[in-house]
Amino acid sequence: MSQKTTFITTPIYYISGEPHIGHVYTTIAADVLRRTALTRGSAFLLTGTDEHGQKVAAAAAAAGISPQAWTDALVPRWQALTTRFGVVCDDFIRTTEERHQRVVVAVFEALKARGEVYLGTYEGWYCTNDETFWLEAKLVDGRCPNPECRREVQWISEQNWFFSLAKYRDRLLAYYRANPHWLKPQSVWNEMYAAIESGLEDLCISRSNVSWGVPLPDSRVMYVWLDALLNYISAIGYGVDPSRFEAYWPADVQLIGKDIARFHAIIWPALLWALDLPLPRLVYAHGWLTVDGQKMSKSRGNVVNPFALADRFGADAVRYFLLREAAFGSDFSYSEQKILQRYVSDLGNDLGNLVHRSLAMLAKYRDSLVPAIAPSSLVLPAQHLGERVYEAFAGLQFREGLDAVWELVSGLNRLIDERKPWALAKAGEDAALDALLYEICEGLRWIALCLEPIMPEKARAMWQQLGLAGEPTGSWAELLQWGLLPPGTRTVPGAPLFPRLLDDVPVA
RNA sequence: GGCUCGGUAGCUCAGUGGUAGAGCAGGGGACUCAUAAGCCCUUGGUCGCAGGUUCAAAUCCUGCCCGAGUCACCA
């Protein structure tokens, strides 16, 4: 039992455009981890925006405003995303903030003092149009290999700072072997191990030809990726507030998309070692959401707008769908039909209707008052549900955790059909009816608690309909004990949690 | 091209040596508290292809086909 605060991070999002469903996916998962951790202790969720770099500068220039004004205008859109999906961030850091930039500079100075960086020459073929350096081997007929570009490339040579990444190769390999579970899923571990094994080159960490970045003391700016990685420690006061920093670092889970594994699984650990800091306990690279098996991208025109999705199905249903539909580590193919099916079948028919029918019967047979019964009549075998769900969620096995909760949902639906409350009422078997109704309501209380990390709004709605005070949050060890639902509680049957959708028009 | 992952019921997937599984969809039934929901029963698969190892292969080996991803600042 660690008393340390569970520290969870998402990548900071590169604000080159509108947020899409993929960004939400990561952030929601982080929020579930945070809420799950809160059932046993304290938690801290960090997210934010990555605002430097040429693409941002170019977009701002195209709009005729300064990069700072550009990012200031976009950031609220990203913050709105977390709010819209019920994500509670304990901090939201922007790389343009002073508190971040001074840490970046301090880290640079520290690396220099430790001899971890040196001034060298950065050379390569450069495509001005794509603003990208290309390896000679990648060039196609001596031109830019991007099929949509194919322009001539030019040889660029500039003085820049380099981080001594290559010397960490053996230490990384040894660390990987000694810690086979520090990077998940296994497939990403394999890829990164192979990448390290094949050799590392020192990393150019400054730019002379870019102006929109964290300024270094010598008029160059910091390489945007190093700038971005440092958010994880700048936000918690590295070099500024040591006691605060040590209360959080190392991170317990750093969620990333598999595309940025290289930065988090090779450069990041080496950088932390260079600073003499411990590594995060787990870096988890989750899969992609694809649309009909195709990668989501602007050029394909198949980007799913998360706000539209939330408007149609509700934020909680989207949260549920994203974490229930596929194993968290692997890709899954999004489709309108799939989320609709989950909504109707799992949420409306199984869960929503269970709540509705249960409270309707309690209203009809017992005037909405939870009966008083002897504890001995409690028979539902849900004792270990809390542990199962906690272990699953905390271990990023969201689907497995939800499967476990649904065993109780289905169990209650089955129990109702088997014991037939309506028949008990007709036959005047009051004791049996009391016991049954109590069990059902108590089961619903458990479901509300267990689902709170996934669907906080709906869990709260269940809690209120059950007539319970406060929120469906708190220590599961204390709350998930069978029989804690107070007899005499007046339930408040309300609107269906997941009403039937009136149309099946696809989301634009 | 190198590397990675995958190809199992109509759909989404679990199953890594020992008589083919789940959920959803489809079909049938009994019920009525409920969002025409829920419950019970059920149809359905030569486990990508071809070889090989083994008493025994979806599961191990080899080759091939197909799909996706990655190797470039997209979660």
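Chain letters run A, B, ... following the sequence lines, proteins first, then strands; residues in each count from 1.
- E51(A) and W70(A) share no donor-acceptor pair across their side chains, judged by distance under 3.5 Å alone.
- In this entry the distance linking CH2 of W212(A) with C1' of C73(B) reads 16 Å, nearest Å.
- The cationic group of K338(A) does not satisfy the cation-pi geometry with F321(A), failing either the under 6.0 Å distance to the six-membered ring centre or the 45° limit from the ring axis.
- Taking atom P in both C64(B) and G28(B), one finds a spacing of 49 Å when rounded to whole Å.
- A58(B) and U16(B) are spaced 9 Å apart, taking the C1' atom of each and rounding to whole Å.
- Distance check on atom P: A75(B) versus U70(B) gives 12 Å, rounded to whole Å.
- Residue R399(A) is classed as a sugar-phosphate contact, given heavy-atom separations below 4.0 Å to backbone atoms only.
- A donor-acceptor pair shorter than 3.5 Å can be found between the side chains of R357(A) and N413(A).
- With distances taken from any side-chain atom of T26(A) to the nucleotides A75(B), C33(B), C73(B), the minimum falls on A75(B).
- Under 3.5 Å, the side chains of N160(A) and S208(A) contain a donor-acceptor pair of N or O atoms.
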Mind listing the N/O atom pairs, protein and nucleotides 2-11 of chain B, below 3.5 Å?
none

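- Side-chain contact, Y13(A) with T47(A): no donor N or O sits under 3.5 Å from an acceptor N or O.
- Within the nucleic acid shown, F498(A) comes within 4.0 Å of at least one base atom, counting heavy atoms only.
- The side chain of A360(A) approaches C33(B) more closely than any other nucleotide in the set C73(B), C33(B), G38(B).
- Atom P of G67(B) sits at a distance of 28 Å from the matching atom of G52(B), rounded to the whole Å.
- Of the two residues contacting RNA chain B, namely M361(A) and P11(A), the nearest-nucleotide position lying further toward the 5' end is that of M361(A).
- Between R312(A) and E336(A) there is a salt bridge, since at least one side-chain N of the basic residue sits less than 4.0 Å from a carboxylate O of the acidic one.
- As the counterpart of A68(B), U4(B) is assigned, both hydrogen-bonding distances of the Watson-Crick or G-U wobble pattern falling under 3.5 Å.
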Kindly give the atom pairs (protein nitrogen or oxygen, nucleotide nitrogen or oxygen) under 3.5 Å for nucleotides 39-43 of chain B.
residue	atom	partner	partner atom	Å
C39(B)	O4'	D417(A)	OD1	3.3
C40(B)	OP1	R414(A)	NE	3.3

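- Between the C1' atom of C33(B) and the CG atom of D434(A) lies a distance of 16 Å, rounded to the nearest Å.
- For the residue pair T96(A)/H52(A), the side-chain donor-acceptor check at 3.5 Å is not satisfied.
- Base pairing of A56(B) is not made with any nucleotide, judged by Watson-Crick or G-U wobble geometry with both donor-acceptor distances under 3.5 Å.
- The residue L497(A) sits close to a base: some heavy atom pair falls under 4.0 Å.
- In this structure, Y223(A) reaches the bases: a heavy-atom distance under 4.0 Å links it to at least one base atom across the strands shown.
- Rounded to a whole angstrom, the distance from the P atom of A50(B) to that of G38(B) is 41 Å.
- For L351(A) and C24(B), the CG to C1' distance is 17 Å, given to the nearest whole Å.
- A34(B) atom C1' lies 15 Å from atom NZ of K420(A), rounded to whole Å.
- W189(A) and Y193(A) have parallel rings, their planes meeting at less than 30° on a 0 to 90° scale where 60° marks the start of perpendicular.
- Taking the ring centroids of F313(A) and Y320(A), they lie at or beyond the 6.0 Å cut-off.
- For A68(B) and C13(B), the P atoms lie 15 Å apart once the distance is rounded to whole Å.
- Rounded to the nearest Å, the gap between the C1' atom of A22(B) and that of G45(B) is 14 Å.
- Base pairing analysis places A50(B) opposite U62(B); the two distances defining the Watson-Crick or G-U wobble pair are each below 3.5 Å.
- The partner of G23(B) is C11(B), by the rule that a Watson-Crick or G-U pair needs both atom distances under 3.5 Å.
- A donor-acceptor pair shorter than 3.5 Å cannot be found between the side chains of Y284(A) and H264(A).
- Taking the side-chain hydrogen bond (donor to acceptor under 3.5 Å, both in side chains) definition, one finds that R34(A) meets it with D90(A), sequence neighbours left out.
- Using a 4.0 Å heavy-atom cutoff across all strands shown, L354(A) reaches no nucleic acid atom at all.
- Contacts of G53(A) with the nucleic acid, taken as non-hydrogen atoms under 4.0 Å apart, are absent.
- Residue Q337(A) is out of contact with every strand shown, counting any heavy-atom pair closer than 4.0 Å.
- As rounded to whole Å, 20 Å separates atom P of A75(B) from atom CD1 of I8(A).
- Atom CG in L347(A) sits about 18 Å away from atom P in G23(B), given to the nearest Å.
- To the nearest whole angstrom, the two P atoms, one in C65(B) and one in G27(B), are 41 Å apart.
- When rounded to the nearest whole Å, the span between CG of N353(A) and P of U32(B) equals 16 Å.
- The six-membered or imidazole ring of W78(A) lies away from that of F92(A), with a centre-to-centre distance of 6.0 Å or more.
- In this entry the distance linking CZ of R342(A) with C1' of U12(B) reads 8 Å, nearest Å.
- Under the Watson-Crick or G-U wobble criterion, with both distances below 3.5 Å, C39(B) is paired with G29(B).
- Looking at the side chain of H356(A), the nearest of the listed nucleotides U35(B), C33(B), C24(B) is U35(B).
- Nearer to the 5' terminus of RNA chain B, by closest-nucleotide assignment, is the contact made by S345(A) (compared with the other of W422(A) and S345(A)).
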